[in-house]
Amino acid sequence: MITTSTENYPLFVGGEWIDSGEQDAVRLPYDGSPIATLPLADEKLLSRAVSAAREGAKAMAAMANYERADLLDRIREGVRQNADEFTRLLWSETGKPIKEARVEVDRCQQTLLAASIEARQLHGEVVPMDFAPMGKGRMAMTVREPLGIVAAITPFNVPLNLALHKVAPALAAGNAVIHKPAERTPLSALRLARVIADAGAPKGAYNVLHGSGPKLGAAMLADAHIDMLTFTGSARVGEEIRSKAGLKRITLELGNNSAVVVEPDCDRETAIARTVQGAFGNSGQVCISVQRVYVHSSIAQSFVEQLKAATEKLKIGHPREESTDISSLIDEAAAKRVEEWIQEALGSGAKAVTGGARRYATIPPTILTNVPASARISCQEVFGPVVAVYPYDKLDDAIAQVNNTPYGLQAGIFTNDLQRAFQSARKFRVGGVLINDVPMWRADHMPYGGVKHSGIGREGPRYAIEEMTDLKLICWKA
Ligand code: NAD
């Protein structure tokens with residue numbers, strides 16, 4: 001538990017707690033004060049984790065579907081019972097407001113529930129071999145088999161639920177996991193390790209290491225004994241991983257500069273409220289944060305005025321305060337980068353509708369208009385509380401702008417015209433379309449993932465399990 005002084009968090013390998021090694025500090029992003037220390041894992045500890053995971057994988061694979069499902073149910077119960085502590089760890093390590101941390105802990109339980117349901121009914125199918133003469137007299141079935149050791153590398157913004165989107169399906173499928181959380185946010189994963197151990201998971205089924213991406217993450221990718229690497233993070237690192245993965249199985253959940261289209265016939269109040277939440281929730285540090293808003297020109301001016309009024313009601317403050325809507329970014333360097341991108345847009349003709357000065361790692365929610373499409377704030381992933389609003393006359397032009405990006409995670413459209421909504425949905429080049437909502441909406445059981453540079457593969461336990469298993473065919477001749 002985090003108190004006023006820093007606390008030491010050991011790593012978790014093969015069912016044992018490891019507190020030796022060079023120590024690293026975790027800081028409260030809001031003011032940079034140290035809150036915890038923990039050891040950095042070296043290559044020796046990674047090899048130890050791989051040996052432990054090999055044994056863990058054997059034990060997980062030997063469990064029946066219902067036993068893995070029961071294990072996941074016990075882990076969910078452990079998260080529920082310790083929800084307050086997880087909430088405190090999450091706001092402390094990420095700087096997100098406490099109410100958003102609480103939502104994350106609730107959603108973790110949904111992810112675990114979905115994984116347990118999938119574990120219980122993991123199955124293959126009967127293949128009709130007699131579809132052609134050569135198959136006459138033969139029957140076949142498929143079974144899903146675990147891969148073995150899954151390495152999970154996760155980002156800082158939603159550290160517990162995005163970890164569980166890898167850990168829960170991996171265990172559901174009968175694999176063992178070696179997890180490397182983001183450098184700044186390892187505490188919730190280490191608390192999860194205690195819950196998983198208390199739930200009775202086999203030794204080595206879940207191992208947590210702490211270390212830098214370029215060093216420890218790269219060593220995980222290079223380790224030939226690791227069967228799969230599942231990564232969530234930036235497109236830059238995703239590309240590097242893909243180029244070095246060789247034949248190792250990988251899934252990549254990467255970034256986006258998400259857009260939403262607002263048609264004049266929509267429910268305006270909903271569109272405003274959801275755009276504020278979608279753009280500024282978690283200070284815009286969500287892979288599907290609303291970054292670009294295309295509003296029909298007939299309503300653009302009044303929409304911007306209403307958006308400004310709703311945004312200026314958000315309360316900026318310390319993450320532990322219940323009334324706080326907006327707190328800090330992950331660190332001062334991230335806030336300085338976002339500040340620089342805003343200045344660059346303003347320097348090239350953009351107008352600030354609302355915003356303000358950076359205070360350490362906190363950037364006030366910012367709305368810009370007249371942003372050139374080439375400004376970084378528009379064409380790259382800003383990962384901060386900034387949104388650019390553009391007017392349009394023709395819906396097809398707005399859709400073309402939404403698609404005019406290397407990314408393709410999710411997009412949204414607000415309209416009450418069903419025909420237009422579904423026609424647009426087919427035209428967006430993304431992994432998921434939200435009709436009458438912003439792209440920053442996700443349920444934990446749904447298929448989730450991107451096209452183009454937003455990634456490879458899908459998450460959501462049912463779909464992640466497909467990625468984390470091999471399909472084996474068993475064919476017999478009567
Ligand atoms: P990041 O890419 O900097 O780091 C993510 C993880 O990769 C960290 O654990 C880091 O230590 C590790 N890493 C860094 N370099 C590595 C390397 N060379 N080899 C192996 N691992 C390495 O991302 P971040 O700043 O932590 O998170 C923000 C990014 O994550 C954004 O781009 C965001 O869009 C993306 N994201 C995507 C999703 C999704 O589901 N698509 C969800 C959340 C965040």
Side-chain angles (χ1 to χ4, degrees), residues 24 29 40-41 46 93-96 104 107 111 151-166 178-186 188-189 208-223 226 229-245 248 250-258 281-291 329-331 333-335 337-338 380-384 405-410 430-432 439-444 446-460 463-464 467:
D24 191 23
L40 285 161
L46 172 60
E93 64 183 358
T94 64
K96 68 175 64 173
E104 182 173 348
R107 286 190 48 186
T111 308
I153 299 184
T154 52
F156 70 79
N157 60 327
V158 188
L160 191 60
N161 197 29
L162 291 180
L164 278 166
H165 268 288
K166 301 182 181 311
I178 301 174
H179 178 200
K180 192 202 87 61
E183 289 88 329
R184 302 207 184 286
T185 56
S188 51
V208 189
L209 300 177
H210 170 67
S212 90
K215 223 170 148 189
L216 181 62
M220 288 163 79
L221 179 64
D223 193 306
I226 291 178
L229 189 138
T230 167
F231 172 81
T232 300
S234 61
R236 181 188 61 78
V237 176
E239 196 175 346
E240 193 181 328
I241 288 175
R242 188 167 195 199
S243 73
K244 293 183 181 159
K248 195 188 290 296
I250 53 169
T251 56
L252 302 172
E253 298 285 340
L254 311 176
N256 202 41
N257 58 342
S258 301
N282 199 7
S283 278
Q285 298 170 113
V286 183
C287 48
I288 36 180
S289 278
V290 177
Q291 193 174 325
L329 273 72
I330 191 64
D331 57 24
R337 178 190 54 77
V338 174
Q380 295 187 27
E381 182 184 40
V382 59
F383 229 55
T405 167
Y407 296 112
L409 198 45
Q410 297 204 128
V430 291
M440 199 197 74
W441 189 88
R442 176 183 185 183
D444 291 287
M446 75 186 206
Y448 179 79
V451 302
K452 302 197 287 182
H453 292 194
S454 287
I456 300 171
R458 290 291 177 272
E459 288 196 338
Y463 310 93
E467 312 275 355

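In this text, all values refer to a predicted model and were calculated from it rather than measured experimentally. Counting convention: from 1, in listed order, for ligands and their atoms alike.
- Close approach of ligand 1 to E253 is summarised as follows: ligand atoms under 4.0 Å from at least one heavy atom of the residue are 37 (C), 38 (C), 39 (C), 40 (O), 41 (N).
- For the pair V158/H165, no side-chain contact is recorded, criterion being any heavy-atom separation below 4.5 Å from C-beta on.
- Nearest protein heavy-atom neighbour of atom 35 (C) of ligand 1: G233 O, 3.1 Å.
- Residues L409 and L254 come closest through the heavy atom pair CD2-O, 3.6 Å.
- Proximity annotation for atom 20 (C) of ligand 1: of S454, G217, G431, G217 comes nearest, heavy atoms only.
- The minimum heavy-atom distance between R442 and R107, with the atom names listed, is O-NH2, 3.5 Å.
- With a 4.0 Å cut-off on non-hydrogen atoms, V286 does not touch ligand 1 at all.
- Shown here, atom 4 (O) of ligand 1 is out of close reach of the protein: none of its heavy atoms lies under 4.0 Å off.
- The L162 neighbourhood of ligand 1 comprises atoms 42 (C), 43 (C), with distances under 4.0 Å to a heavy atom of that residue.
- When each atom of ligand 1 is checked for a heavy atom of N157 under 4.0 Å away, the hits are 43 (C), 44 (C).
- At under 3.5 Å, a nitrogen or oxygen of E381, whether backbone or side chain, sits near a nitrogen or oxygen of ligand 1.
- Side chains of T230 and E459 form a contact here, defined as non-hydrogen atoms less than 4.5 Å apart.
- At least one N or O atom of E183 sits closer than 3.5 Å to an N or O atom of ligand 1.
- Contact check for P155 versus F383: no side-chain heavy atoms found under the 4.5 Å cut-off.
- Assignment of L409 to the shell around ligand 1 is supported, since a heavy atom sits closer than 4.0 Å.
- Scanning both residues, C287 and S258, for their nearest heavy atoms gives O-OG, 3.9 Å.
- N157 places no side-chain N or O within 3.5 Å of a backbone atom of N282 that could act as its donor or acceptor partner.
- Shortest contact from atom 13 (N) of ligand 1 to any protein heavy atom: G213 CA, 3.3 Å.
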side-chain contact (heavy atoms from CB on, under 4.5 Å) evaluation trace for Q410 with W441: CA-CA 9 Å; Q410 297 204 128; W441 189 88; 5.6 Å; no
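- When only non-hydrogen protein atoms are considered, atom 27 (O) of ligand 1 lies nearest to P155 CB, 3.3 Å.
- Taking 4.5 Å as the limit, some side-chain heavy atom of S188 sits within range of a side-chain heavy atom of E93.
- Side-chain polar atoms of D444 and N161 form a donor-acceptor pair below 3.5 angstrom.
- Judged by the shortest distance from any of its heavy atoms, P181 lies inside the 4.0 Å radius around the atoms of ligand 1.
- When each atom of ligand 1 is checked for a heavy atom of V237 under 4.0 Å away, the hits are 2 (O), 13 (N), 14 (C), 15 (N), 16 (C), 17 (C), 22 (C).
- Remark: minimum distance from atom 25 (O) of ligand 1 to any protein heavy atom is reached at F156 CE2, 3.2 Å.
- Atom 12 (C) of ligand 1 has I153 CG2, 3.6 Å as its closest protein atom, hydrogens excluded (heavy atom only).
- An N or O contact shorter than 3.5 Å is missing between N256 and ligand 1 by distance.
- E104 has its side chain within reach of K96: a pair of non-hydrogen atoms, C-beta onward, lies under 4.5 Å apart.
- The distance from ligand 1 to the heavy atoms of F231 drops below 4.0 Å at these ligand atoms: 2 (O), 5 (C), 6 (C), 7 (O).
- The closest side-chain heavy-atom distance from S212 to E183 is below 4.5 Å.
- Within the 3.5 Å criterion, the main-chain N or O of G450 finds a donor-acceptor partner in the side chain of R458.
- For A218, the heavy-atom gap to ligand 1 drops under 4.0 angstrom.
- Annotation: cation-pi geometry not satisfied between R184 and F156 (NZ/CZ under 6.0 angstrom from ring centroid, within 45° of ring axis).
- Considering only non-hydrogen protein atoms, atom 18 (N) of ligand 1 sits nearest to E240 OE2, 3.4 Å.
- Of the N or O atoms in C287, none lie within a sub-3.5 Å distance of an N or O in ligand 1.
- Residue contacts with ligand 1: L221 is excluded, as none of its non-hydrogen atoms falls under 4.0 Å.
- If you check which protein heavy atom lies closest to atom 8 (C) of ligand 1, you get T154 O, 3.4 Å.
- Here the shortest heavy-atom pairing between I330 and Q285 reads N-OE1, 3.0 Å.
- Under a 4.0 Å criterion applied to the non-hydrogen atoms of F383, ligand 1 contributes the atoms 28 (C), 31 (C), 33 (C), 34 (O).
- For T232, no nitrogen or oxygen atom sits less than 3.5 Å from a nitrogen or oxygen atom of ligand 1, counting backbone and side chain alike.
- Scanning the protein heavy atoms around atom 23 (O) of ligand 1, the nearest turns out to be S234 N, 3.5 Å.
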